[in-house]
Amino acid sequence: MFPPEVAADSPLLQHLNPEQRAAVTLPNEHALILAGAGSGKTRVLTTRIAWLLATGQIGPGNVLAVTFTNKAAKEMMTRLQAMLPVNVRGMWIGTFHGLCNRFLRAHYKLAALPQSFQILDTQDQLSAIKRLMKQHNVDEERFPAKETQWYIAGAKEEGLRPNMMETRTEEDRRKAEIYQLYEEQCQREGVVDFAELMLRSYEVLRDIDPIREHYRRRFHHILIDEFQDTNKLQYAWIKMFAGSGNSVFAVGDDDQSIYAFRGARVGNMADFVREFDVRHQIKLEQNYRSFSNILDSANALIAHNKTRLGKNLRTDQGPGEPVRVYEAPTDMAEAQWMVEEIRQLVRDGTPRHEVAVLYRSNAQSRVIETSLFNAAVPYRVYGGLRFFERAEIKHALSYLRLLENPHDDTSFLRVVNFPARGIGARSVEQLQDAARAASCSLHDAVHATTGKAGANLAAFVQKIDAMRAETEGLTLREIIEVMLQRSGLVDHYKAERDGGDRIENLEELVNAAESFVTQEGFGRDAVALPVDELGTTLRQSPASQGLDPSLPEINEPSPDYVPPDAETGETLSPLAAFLTHAALESGDNQAQAGQDAVQLMTVHAAKGLEFDCVFVTGLEEGLFPSERSLADYDGLEEERRLMYVAITRARQRLYLSYSQTRLLHGQTRYNVKSRFFDELPEAALKWLTPKNQNFGGSAFGFGMGYPSSRPSGYSGGYGKGDTFASPPVPQQKATPDHGLRPGMQVFHAKFGEGTVLTLEGSGMDARAQINFPRHGQKWLALSVAKLTPVP
DNA sequence: CTCCCCATTTTTTTT
DNA sequence: AAATGGGGAG
């Protein structure tokens, strides 16, 4: 082991600025790195690990690195792998939940879980709660299942068990009681929810001294990404690992804390500094992403927040282009303008995937999609259903889970009558009664049922059991293929009108399993890693750690590798491992990846990403900031941070737009521009409206003058014979009877000749937006204004 | 058991 | 406007 100074010129440190280098080479003490947007946060984190390994200070087994998302974990491993010939697979790098899963599999006995416990995702949890409440006659009016779910998850994230819940009112007592029953049900069925993964691990660490001590001896360095997003339980969990002699390296940005609504506590940063007596705080303020007009806007905006640790981004890049601001009369016009702008960007050479359209809420994507679609601009929407959350996939997974564990009642109920096999609510109810009476699983209770219903149930159970026998010893791929056929899922979807997509997804499931087997090494050459007395994997002896080039190359990092049982060497079946993988990593959102497409997503989803050109849309009071956040001050500050995140996504060009009116919940809402505009530096902005409209020459305003491929022009619906059937095509109202069309020349007594831009409303409410060359753009009520068409 | 109609409800999301 | 969920009818 050599002192850090010796390696000060290490190639690892070459491309780091002084602050980054300082962070990477910090001594073994607790540290907080305040990493602004685009300041090279991931790079510092990964290089820190590489540095610790390369200088021989520690071995791969001594690192615990935690992230929130699988994507971040994977990226960390891939980058680390690129820096050092180290086996990242044996290292504890992963998501909070992934690592907890690994921990619980290793210590499943101490955690009082079956080795092959399965994980309930949010959907599963909700249906488990509904089932439980029904069974115990809980009034769903008084205790909606969703709220109960929220209550339970919230409690667990605070580290609270049912007996620790507040029971001052009758209602509190009832809720705690339901929570208790839920816990018992999960335990009985051998399943855990996401929060339980964390809480259970935490409790094992807290209560079992040798385990805690073992891990404390082992993990010399604990690194946490996105620390500002940790909740109370996650922070407590980290504290369990941080014994004397260990150092916690927390990286975060309080200005990018946008998940308070789901329990994240920015306060953890201050608590960490206080409780760990953190002496090393490093701010990474050098931004490598954006030009200064963009950064100045971000800085000026976020300066309006009162509760900040304080940080200001700077860049060496010049001012760059101004931030462009656009005001549209309607949400459709906003979208139309944006599409035109995007087409121009693409013509000027910007790749489409470098253009992002951000919005506050998912509902806003529809109008934008329509415009993009009508203009035939390829786009990709992030968000919505993920692969493993699709109904047909969940059904398939339920069958697979029943093969693995027949007592998984959630899965049992999901597929007992899917595809339909004559087992209705009544039969299921009877079965549930029988199961409760005998306090056994639904599967085991089937014997007790009688009659025609009983026969159907028996046939179902028999089918599952036969399937289990039949798939014995088969590969994962074969198991899934057999299941798809025997369950009747494929036949069912084949018979369905538009079941084609679903069949495709089911086939995709086979592929997913196949690549899972290859990646995880669950196939032929699965090698059990050596295991120490406590069941944790030890990669190599300390002497050989770190730089051994003879280590085998690993093709793909594996975020959810689980060690085999310490005593028996028993390891998870590929099937059980795959099911865990499916629950922990719900898969990509939408297919059609690879295509060069404009990226549409919420601001939340954009966190951590960057693009050459970014459109932030719908910047209106009530929408962004959202009206639900305006009630309290913290809410507004979080919205502002959200806006900060949005702005800092842009590298070169940033557009901010809003609309005077917007169709929301089927009603036109009139909005004022967002207060955030008042918080941006005027010098960095360029208003495209109203002063600077580009109507000259073409005589067409926004949206007009469409390419000949789409003759219908703006207000798309006026075009007849629309052949673009599938994606979202909004319903357009019938042509109003005032006889005006966008693009028409009209004459007004006072304003003279002008061009009709937009038409709104009908009958007495009909309005037109008209551009008069000498008077600018006007909105006129058609019932009042006297307009004559100019031939 | 299935189908259809009516009523309700709309932030943000990862694991 | 649209999607979801529950209840009632066939």
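Chain identifiers are assigned alphabetically (A, B, ...) following the order of the sequence lines, protein sequences preceding nucleic acid strands; residue numbering begins at 1 within each chain. Atoms considered below: every heavy atom in the structure, side chains included; atoms not considered: hydrogens, waters and symmetry mates.
Residues meeting the side chain to side chain contact (heavy atoms under 4.5 Å, CB included) test with A:L623, sequence neighbours left out: A:Q364, A:E620, A:R662. Remark: A:D634 pairs with no residue by the side-chain hydrogen bond (donor to acceptor under 3.5 Å, both in side chains) rule, at least two apart or across chains. Partners of A:S626 by side chain to side chain contact (heavy atoms under 4.5 Å, CB included), not counting sequence neighbours, listed by chain and number: A:R360, A:R628, A:S629, A:E639. In this structure, the side-chain hydrogen bond (donor to acceptor under 3.5 Å, both in side chains) partners of A:D229, at least two apart in sequence or on a different chain, are A:K607. Take A:E183 and apply the side-chain hydrogen bond (donor to acceptor under 3.5 Å, both in side chains) test, not counting sequence neighbours, and it matches A:K156, A:R161.
At whole-Å resolution of the value, CG in A:L126 and P in C:dT4 are 14 Å apart. Atom CZ of A:F387 and atom P of B:dT15 are 16 Å apart (whole Å). The separation between A:L663 atom CG and C:dA2 atom C1' is 12 Å, rounded to whole Å. Rounded to an integer number of Å, the gap from CD of A:Q123 to P of B:dT15 is 15 Å. The nearest whole Å value for the distance from the CZ atom in A:F418 to the P atom in B:dT2 is 11 Å. Between A:M332 atom CE and C:dA1 atom C1' the separation is 13 Å, expressed in whole Å. Separating the CG atom of A:D124 from the P atom of B:dT15 is a distance of 16 Å, rounded to the nearest angstrom.
For A:T122 and B:dT15, a side-chain-to-base donor-acceptor distance below 3.5 Å is present, hydrogens and geometry of angles not being considered.
The residue A:D121 sits apart from the nucleic acid: no heavy atom pair falls under 4.0 Å. Using a 4.0 Å heavy-atom cutoff across all strands shown, A:I423 reaches sugar-phosphate atoms only and no base atom.
Comparing C:dG6, C:dA2, B:dT15 by their nearest atom to the side chain of A:R366 picks out C:dA2.
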Quick tally for nucleotides 3-13 of chain B: nucleotides whose base has a protein heavy atom under 4.0 Å get B, sugar-phosphate-only ones S, the rest -, giving -------BBBB
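Take the nearest nucleotide of DNA chain B for A:H97 and for A:A420: the residue whose nucleotide is more 5' is A:A420.
Counted by atom type alone, A:Q256 and A:Y644 present zero donor-acceptor pairs between their side chains at under 3.5 Å.
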Please step through ring-ring contact (aromatic ring centres under 6.0 Å, His included) for the pair A:F412 and A:F460, ending with a clear verdict. CA-CA 10 Å; A:F412 187 101; A:F460 171 69; 5.3 Å; yes
